[in-house]
Amino acid sequence: MSVHAPRALVIVSNRGPLSFHIADDGSLVTRRGGGGLVSALGPAVAGSGATWIAGAISDADRRAAATGVIEAEGFEVRSLTVDPDDYRAYYDVVSSGALWFVHHRLYDSARRPRFDRHWRRAWESYRRVNAAFARAVVDEAPADAIVLVQDYHLTLLGAALAAERPDLRAVHFHHTPFGGPDDLRILPDEVGIELLGGLAAHAACGFQAPRWAAAFEACCVEVLGRPACPTFVSPATVDPAEITKVAASEACAAAVSDMARQVGDRRLIVRVDRIELSKNLLRGFLAFEDLLVERPQWRGHVVFAAFVYPSREGLAEYLAYRQEVEGLVRRINETWATPEWTPILYDAADDFPRSVAGLRRYDVLLVNPVRDGLNLVAKEGPLVNERHGVLLLSRESGAWSEMGAAALGLNPFDVTATSEVLHRALVMDEGERRDHARAVRALAGSRAPADWVADQVRAATPA
Ligand code: G6P
């Protein structure tokens, strides 16, 4: 069910609901855009008649953009083309390479970041791309529309929209965690001030969890020197109908049979993640190895299936991280495998039905990010799992504030404690597992995607 909005709705995000590819015969092929933002927003606004303004990311996207507005799934997508060098600097250098790192606290601060003149030129690109998005909204938004601006790529739209289109009501929703004042002070002074001022120029700013809203408010007071705009907290959610449809698909059934052959009657730990520094894949595998060392009864009797998919490969940090993760998996498998048993099944194929097959079959779902705005896998898993599986959830994820009442918590930095909680989940008796699974499922399905978008709409139009 899509959201009902009292006025016309405009969504603005870097990655849009559709991505394009050029087929071998030169024709344009449309696919659904990937990632958490799109999978949360797509079902909620489909059918609402909303206009969705998104960046043209690839050459194929740029070709599609040249054809004008594209209609799909009940919304109109307007793909915005900017200069490719500006786009790269805005996306790779500033958005993924700096803002993502600041909000997730990923810097190895002895070495990075280095805000030099090259970086400042990239910040100018970020400003230009934000100005281009603002211009597109100014030109396209129907009178009195509600504008929902999404995420850290687009922090600077508020002031331009207020100046040029005072009829619009723009709110900003941040999908990531928000860094505290000490984190934001890492950015060059003038950048931190412009960024926070840009966010505060919206009618309201929304966050996935109370911690992130509080951090933004503290940053405004301490770094900007004035109170924030109104804030609201509204966690994104999964559409149960969408994920159930994938779970019931033939592709998913085939993957379940495949997995049954590989796993047999062993216990199964599953993770589903982008290959992403904040997702903490390394400590997850180290905790699993610790389990094999300390609890020899599990050797040969448990499999860890990791369904992961490559991400942001334009960044050296991500390529290096992937190599480190794959090297560790190889080393653990070489150390512990037997002719009958492979301890870690590592699959980087980016195959959603296969990931959902893993979610149907898990006995334990490991969600251990070092920091995460929300984490949708923590909701997707309980909605489709068929084995009274146990959810292990990082206390540093935004989802913890919603799901922590029922999930087993973990400190993502503590490998020993993660190994202990893996063991605890694996030995839970059937009755306890059933109660646990019922409780996490109820929390995961307690809100619909339309509720989440309705909260953003309400924040834009206070009574
Ligand atoms: C994840 C995050 C979002 C972010 C998106 C960007 O889904 O949860 O906060 O907007 O990644 O991913 P991208 O692949 O576009 O860099």
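We're numbering straight along the sequence, starting at 1. Indexing begins at 1, ligand by ligand and atom by atom, following the structure's order.
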(message) When you compare the side chain of Ser401 with that of Arg211, does any pair of heavy atoms fall below 4.5 Å?
(response) no
(request) Please confirm whether the backbone N or O of Leu268 pairs with a side-chain atom of Asp363, one donor and one acceptor, at under 3.5 Å? (result) yes
(message) Testing the 3.5 Å rule here: is there a donor-acceptor pair between the side chains of Arg271 and Asn368?
(response) yes
(request) Within a distance under 4.0 Å of any heavy atom of His175, pick out the atoms of ligand 1 and give their elements. (result) 9 (O)
(request) Starting from atom 13 (P) of ligand 1, locate the nearest protein heavy atom and write down its residue, its atom name and how far away it is, to 0.1 Å. (result) Tyr91 OH, 3.3 Å
(message) Applying the ring pair (Phe, Tyr, Trp, His ring centres under 6.0 Å) criterion to Phe207, which one of Phe173, Trp212, Phe216, Tyr152 satisfies it?
(response) Phe216
(request) Scan the protein's non-hydrogen atoms and note whether one is under 4.0 Å from atom 9 (O) of ligand 1. (result) yes
(message) Could you check whether Glu386 pairs with Arg361 (Lys NZ or Arg NE/NH1/NH2 to Asp/Glu carboxylate O, under 4.0 Å)?
(response) no
(message) Can you report which non-hydrogen protein atom sits closest to atom 11 (O) of ligand 1, along with the distance?
(response) Arg312 NH2, 3.3 Å
(request) For atom 7 (O) of ligand 1, grab the closest protein heavy atom and report residue, atom and distance to one decimal in Å. (result) Gly36 N, 3.0 Å
(request) Among all protein heavy atoms, pick the one closest to atom 1 (C) of ligand 1 and tell me residue, atom and distance. (result) Arg274 NH2, 3.8 Å
(request) Look at atom 3 (C) of ligand 1 and say which protein heavy atom is nearest, naming residue and atom and giving the distance to 0.1 Å. (result) Asp151 OD2, 3.3 Å
(message) For His153, state whether at least one heavy atom is located under 4.0 Å from any atom of ligand 1.
(response) yes
(request) Please round to the nearest 0.5 Å and tell me the distance separating atom CZ of Arg15 and atom CD1 of Ile57. (result) 4.0 Å
(request) Would you indicate whether the side-chain heavy atoms of Asp86 and Tyr90 approach each other to under 4.5 Å? (result) no
(request) Please write down residue, atom name and distance for the protein heavy atom closest to atom 15 (O) of ligand 1. (result) Arg15 NE, 2.7 Å
(request) Please indicate whether any nitrogen or oxygen in Thr176 is less than 3.5 Å from any nitrogen or oxygen in ligand 1. (result) no
